[in-house]
Number of protein chains: 2
Amino acid sequence: MVRTNESSASTLDTELRRGALVLAVLSHLRTAQYGYSLRQALTEQGMPIEEGTLYPLLRRLEAQGLLASDWRIEDGPPRRYYKLNSKGTRLLADLTANWQALVVTMNRLLK
Amino acid sequence: MVRTNESSASTLDTELRRGALVLAVLSHLRTAQYGYSLRQALTEQGMPIEEGTLYPLLRRLEAQGLLASDWRIEDGPPRRYYKLNSKGTRLLADLTANWQALVVTMNRLLK
DNA sequence: ACATTATACATAGTGGAACACAGTATGTCA
DNA sequence: TGACATACTGTGTTCCACTATGTATAATGT
C-alpha cells in the first residue's frame with residue numbers, strides 16, 4: 001500500500017511534530033529511561049512515537065554527545081537506559097527557550 | 001564545506017521550526033503574496049526562511065492542491081503570486097488546531 | 001512442554017524536505 | 001556602465017521519520 005495523497009494533512013501534521021519530538025524526548029530524559037518505557041510515557045502524554053523512530057533518535061542523540069546510556073539487567077530482558085548528560089541538559093534549556101520563542105512567533109502569525 | 005557537528009543546537013533548532021514553517025507560510029497566504037515579499041514579511045515577524053527553502057515549499061504546496069498561483073506584471077520584474085484556495089484554507093484551519101494541541105502537549109511535557 | 005503474547009532493541013530501505021550553492025534575469029540608481 | 005537589489009529556478013548533499021522486518025528474552029496460558 002502506497003501512501004495516498006488524498007489528505008496532505010496527516011503528512012504535514014507529522015512534519016509539525018517532527019521537531020517537537022526531539023524536545024519531548026530530551027525533556028523526559030532528565031531522569032533515566034529506557035526506550036520502551038519512554039515510548040509508553042510519551043504516548044500517554046499525547047506524543048505517540050514509533051519504535052522505528054524512537055530508537056534511531058536515541059542513538060543519534062547519543063552520537064551527538066547529548067545522552068549517556070548503559071545496559072541494565074533487572075527483572076525482565078536487558079534494557080538500555082538513557083539519560084541527559086551535561087551537554088544534553090544545556091541543549092534542553094536552549095531548545096526549550098527556542099520552542100517558547102517559536103510559540104510566541106506563531107501566535108502572532110496565526111491571529 | 002561539510003556541515004560540521006560542533007553544535008547540534010542549530011540543527012535541532014532548524015528541525016524545531018521545520019513544521020511550523022509550513023503553517024507560517026499558509027497563514028500568510030490568506031491574502032495573495034509573491035515569494036520574495038512573503039520571505040521579507042516572515043523574516044520581519046521572526047520566522048526567517050531561505051530562498052532555497054521557501055520557493056520549493058511554495059511549489060510543493062501548490063502541487064498538493066493547496067495554493068493557486070498566477071504571474072503578474074506590474075512595475076518591476078514579473079512576480080508569481082500565491083494564495084490559499086479552498087482546500088488550503090481548510091488545511092490551514094486543521095493544522096492550526098493541531099498546532100495548538102501540540103503546544104498544549106509540549107507545555108505539559110516541559111514543566 | 002509448548003505456543004502465544006508482551007517486552008525490548010535494532011536496522012535496512014524509501015522518500016520527503018531544508019539547505020548551500022549556483023545560475024538566470026530584470027529593475028534601479030549613481 | 002557598474003553595482004546592487006529584486007525575483008525566481010535548479011542541483012547536490014545531508015538529515016530524518018516511517019515502514020517493515022528481524023532478533024531475543026520474559027510472562028502467560030493451556
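Letters A, B, ... mirror the listed sequences (proteins, then strands); counts begin at 1. Remember, it's a predicted structure, so these values are computed and weren't measured experimentally.
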Side chains of B:L67 and B:L26: closer than 4.5 Å at any heavy-atom pair?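 Yes, close enough: below the 4.5 Å cut-off.
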
Length of the [atom1]-[atom2] vector between [X] and [N], whole Å:
| X | N | atom1 | atom2 | answer |
| --- | --- | --- | --- | --- |
| B:E50 | D:dT6 | CD | C1' | 16 Å |
| A:E74 | D:dA27 | CD | C1' | 16 Å |
| B:L16 | D:dC15 | CG | C1' | 16 Å |
| A:L54 | D:dT19 | CG | P | 14 Å |

Mind checking what makes ring-ring contact (aromatic ring centres under 6.0 Å, His included) contact with A:Y36, not counting sequence neighbours?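 With neighbours one apart ignored, the set is empty.
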
Whether A:R18 and A:E15 form a salt bridge (side-chain N of Lys/Arg under 4.0 Å from carboxylate O of Asp/Glu) is what I want to check.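 A salt bridge is present here (some side-chain N lies under 4.0 Å from a carboxylate O).
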
Is it the case that the side chain of B:R39 and the backbone of B:I49 share a donor-acceptor pair, with hydrogens and angles ignored and the cut-off at 3.5 Å?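 Checking the backbone N and O of B:I49 against the side chain of B:R39, a donor-acceptor pair under 3.5 Å is found.
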
When you measure from the side chain of A:R108 to the backbone of A:T105, do you find a donor-acceptor pair of N or O atoms at a distance under 3.5 Å?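 Between the backbone of A:T105 and the side chain of A:R108 there is no qualifying donor-acceptor contact (under 3.5 Å).
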
Check side chain to side chain donor-acceptor pair (under 3.5 Å) between [X] and all other residues, then give those that pass, not counting sequence neighbours.
| X | answer |
| --- | --- |
| B:T89 | none |
| A:Y34 | none |
| A:R60 | none |

Identify all pairs in which a protein N or O lies below 3.5 Å from an N or O of nucleotides 16-18 of chain C, and state each distance.
| unit_1 | atom_1 | unit_2 | atom_2 | d |
| --- | --- | --- | --- | --- |
| C:dA17 | OP2 | B:R60 | NE | 3.3 |
| C:dA17 | O4' | B:R18 | NH2 | 2.8 |
| C:dA18 | OP2 | B:R60 | NH2 | 2.4 |

Under a 4.0 Å heavy-atom criterion, the protein footprint on nucleotides 2-9 of chain C, written with B, S and -, is -----SBB

